[in-house]
Each structure stands twice: as C-alpha cells, then as structure tokens.
Asker: 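One structure, pasted below without further comment.
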Amino acid sequence: MTPAQPVPRFVSLQRYGVGQDSLYTVFILLGLFSSSHFPWLLFSLILLVFVISIASNTTMILLIRADPRLHTPMYFLLSQLSLMDILYISTIVPKMLLDQATSQRAISFAGCTAQHFLYLTLAGAEFFLLGLMSHDYYVAICHPLRYPVLMSRRVCLLIVVAAWLGGSADGFLLTPVTMQFPFCASWAINHFFCEVPTLLKLSCRDTSVKLGQITDSCPKRKDDG
C-alpha cells in the first residue's frame, strides 16, 4: 500500500471561503465565538457593550462641545480621550461582529496590516495622552494661580498632537517589523483581531526574542510572580 498523501492545508480552510489561490493572501480570525457554547448570546453582549460605549463617548464629546462651562483643558483632553476610544474599538469590534453574522472570518493581508497599524496607533495615542494628562492635574494642584497660563489652549493642542504623533510612531515602527516576517506555520489566527503576539506565532522564523520583548514590556500582576 502506498502511504497516504498529506492533506493540503487549504482544504481545512475552505469552510471559511479560503481556497488554494487565496491561501497566501488572507488570514483566518478564529475569534471568540468558535469556542463558545452560546455564540449568539456572546454576540449580543458584545454588540450591546459596543453600542453603549460608542453612545456614551459620543454623548460626552457633544456635551463638552455644547456647554461653554466645560470648555476647560481637562474636559478638552477628556473629549480627545473619548474620541480615541471610539476609533480604537471601531477598528476591531465591527469586523468581529460582522464575521460572526456572515460566517466569514477571512481578513486580507492588507486588511490585517491596516488593523494592526490602527490599533497600535490608537492604543499608543491613548497611553501617551493619559500620561500627558497628568501634567494637567499637576498644574491644577501645585500651581493653581498659574493654571490659565501653563495650560493654555496652545499647550492643550500640543499635548493632543504629541499624543497622536507618539501613537503614530508606534504604528509606523512596529507594523513593518511584524508584517515583514514570512507566515507559513498557519494562516489561522487564534484571536479576534490581528494582534502582534498571535501574528508572530505564525511566522516561519524564530520570533522568540521579539515575543519576549513584548511580554517584558507588559505590566505583570503581583500574583504572577
């Protein structure tokens, strides 16, 4: 008897609409729903939280703009933070919900790269903005009499621009580094979006150094040792 021929990898991915010709141009997002016993309940909860988050952040931005009493540096920076939150979740959640609703979990290489860049940029911008907002609190507490001068409109704009530039730098620096690796181990991403560690695990090359750098850069809890 002749030994059985190995089954081509693309056959197992045909259920997601991926064929032999498109194997090397798309990823498959396995997502949260594939391992859930109640996928539509999870879908409804995520959709509800997403709508509430968008509505609450949008309401905050509109109220801050509509009420002159809220035209202060603190509320201006909070409105920018709300805008970043809206954009951040909008790069991930709609795609995940659409995939579940249409049973299509494929994402192109270009789409994965764009999602990777946007979430790095927006997450980085939020971190930078939160760090820079501490300057506003410091001035308000330690130099209340000089607050209007030290936190002028120009300074607030500089803080926002610096946050966006810092986040963009993260996206422009880390996205090419991640997406340049050849992906041949598998094209099925065990996640609901194109995250750095999950993408690096699919690479043909040894990415343990980069994975270690990402792990070390994340804060650890005390009970993690």
Side-chain angles (χ1 to χ4, degrees), residues 8-62 79-127 164 167-168 170-172 174-181 183-203 214:
R9 237 180 340 180
F10 69 87
V11 173
S12 62
L13 300 180
Q14 286 181 345
R15 56 176 296 193
Y16 299 113
V18 181
Q20 186 174 16
D21 294 336
S22 60
L23 177 61
Y24 296 100
T25 58
V26 297
F27 291 101
I28 301 301
L29 295 172
L30 299 181
L32 296 174
F33 304 102
S34 57
S35 58
S36 174
H37 298 291
F38 305 98
W40 287 105
L41 176 59
L42 183 60
F43 175 90
S44 301
L45 290 175
I46 293 176
L47 177 60
L48 178 62
V49 173
F50 175 71
V51 172
I52 292 175
S53 178
I54 293 292
S56 59
N57 281 291
T58 302
T59 301
M60 178 177 289
I61 294 174
L62 294 177
S79 68
Q80 294 298 309
L81 188 62
S82 294
L83 176 61
M84 292 177 183
D85 283 336
I86 292 174
L87 297 176
Y88 180 72
I89 61 177
S90 296
T91 63
I92 299 173
V93 179
K95 168 64 177 172
M96 177 178 61
L97 297 177
L98 181 63
D99 288 348
Q100 175 62 18
T102 60
S103 299
Q104 294 292 328
R105 300 179 182 178
I107 182 172
S108 65
F109 184 86
C112 190
T113 303
Q115 188 183 68
H116 184 269
F117 169 77
L118 289 174
Y119 100 82
L120 281 176
T121 298
L122 292 166
E126 283 198 28
F127 292 148
W164 280 108
S168 299
D170 279 345
F172 280 114
L174 297 180
T175 300
V177 172
T178 303
M179 303 309 291
Q180 72 177 350
F181 288 106
F183 299 101
C184 59
S186 171
W187 286 74
I189 301 177
N190 190 23
H191 213 319
F192 53 89
F193 73 106
C194 297
E195 191 187 26
V196 177
T198 54
L199 284 173
L200 292 179
K201 290 178 182 179
L202 306 182
S203 175
I214 295 174

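Quick caveat: nothing in here was measured; it's all calculated off a predicted structure.
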Asker: Distance from L97 atom CG to I46 atom CD1, nearest 0.5 Å?
Answerer: 6.5 Å

Asker: List the atom of Q115, the atom of I92, and the distance in Å for their closest heavy-atom pair.
Answerer: NE2-CA, 4.1 Å

Asker: Keeping the roles fixed (side chain from S56, backbone from S53), state whether a donor-acceptor pair exists under 3.5 Å.
Answerer: yes

Asker: So which heavy atom on Y119 is nearest to which on T91, and how close?
Answerer: CB-OG1, 4.3 Å

Asker: May I ask you to test the V49-L45 pair for a side-chain heavy-atom distance under 4.5 Å?
Answerer: no

Asker: So, do W164 and L122 sit near enough that their side-chain heavy atoms are less than 4.5 Å apart?
Answerer: yes

Asker: Does the side chain of N57 reach to within under 4.5 Å of the side chain of I89, using non-hydrogen atoms?
Answerer: no

Asker: Where do F117 and S168 come nearest, in terms of heavy atoms and distance?
Answerer: CE1-O, 4.3 Å

Asker: To the nearest 0.5 Å, how far apart are CG in L87 and OG1 in T121?
Answerer: 11.0 Å

Asker: On a heavy-atom basis, which atom in G171 and which in P176 lie closest, and how many Å separate them?
Answerer: O-CD, 3.9 Å

Asker: Rounded to the nearest 0.5 Å, what separation is found between the OH atom of Y88 and the CG atom of L120?
Answerer: 8.5 Å

Asker: Rounded to the nearest 0.5 Å, what separates atom CD1 in I28 from atom CG in D99?
Answerer: 9.0 Å

Asker: Quick check: do F50 and P94 have side-chain heavy atoms less than 4.5 Å from each other?
Answerer: yes

Asker: Tell me the closest heavy-atom pair linking S82 and M60, and the distance in Å.
Answerer: OG-SD, 3.2 Å

Asker: For residues S90 and I54, determine if any side-chain heavy atom of one lies less than 4.5 Å from a side-chain heavy atom of the other.
Answerer: yes

Asker: Distance from L42 atom CG to L47 atom CG, nearest 0.5 Å?
Answerer: 11.0 Å

Asker: Considering residues, nucleotides and ligands other than F193, do more than 12 of their heavy atoms fall under 6.0 Å from its CZ?
Answerer: yes

Asker: Which atoms form the tightest heavy-atom contact between C194 and I107, and what is the distance?
Answerer: SG-CD1, 4.2 Å

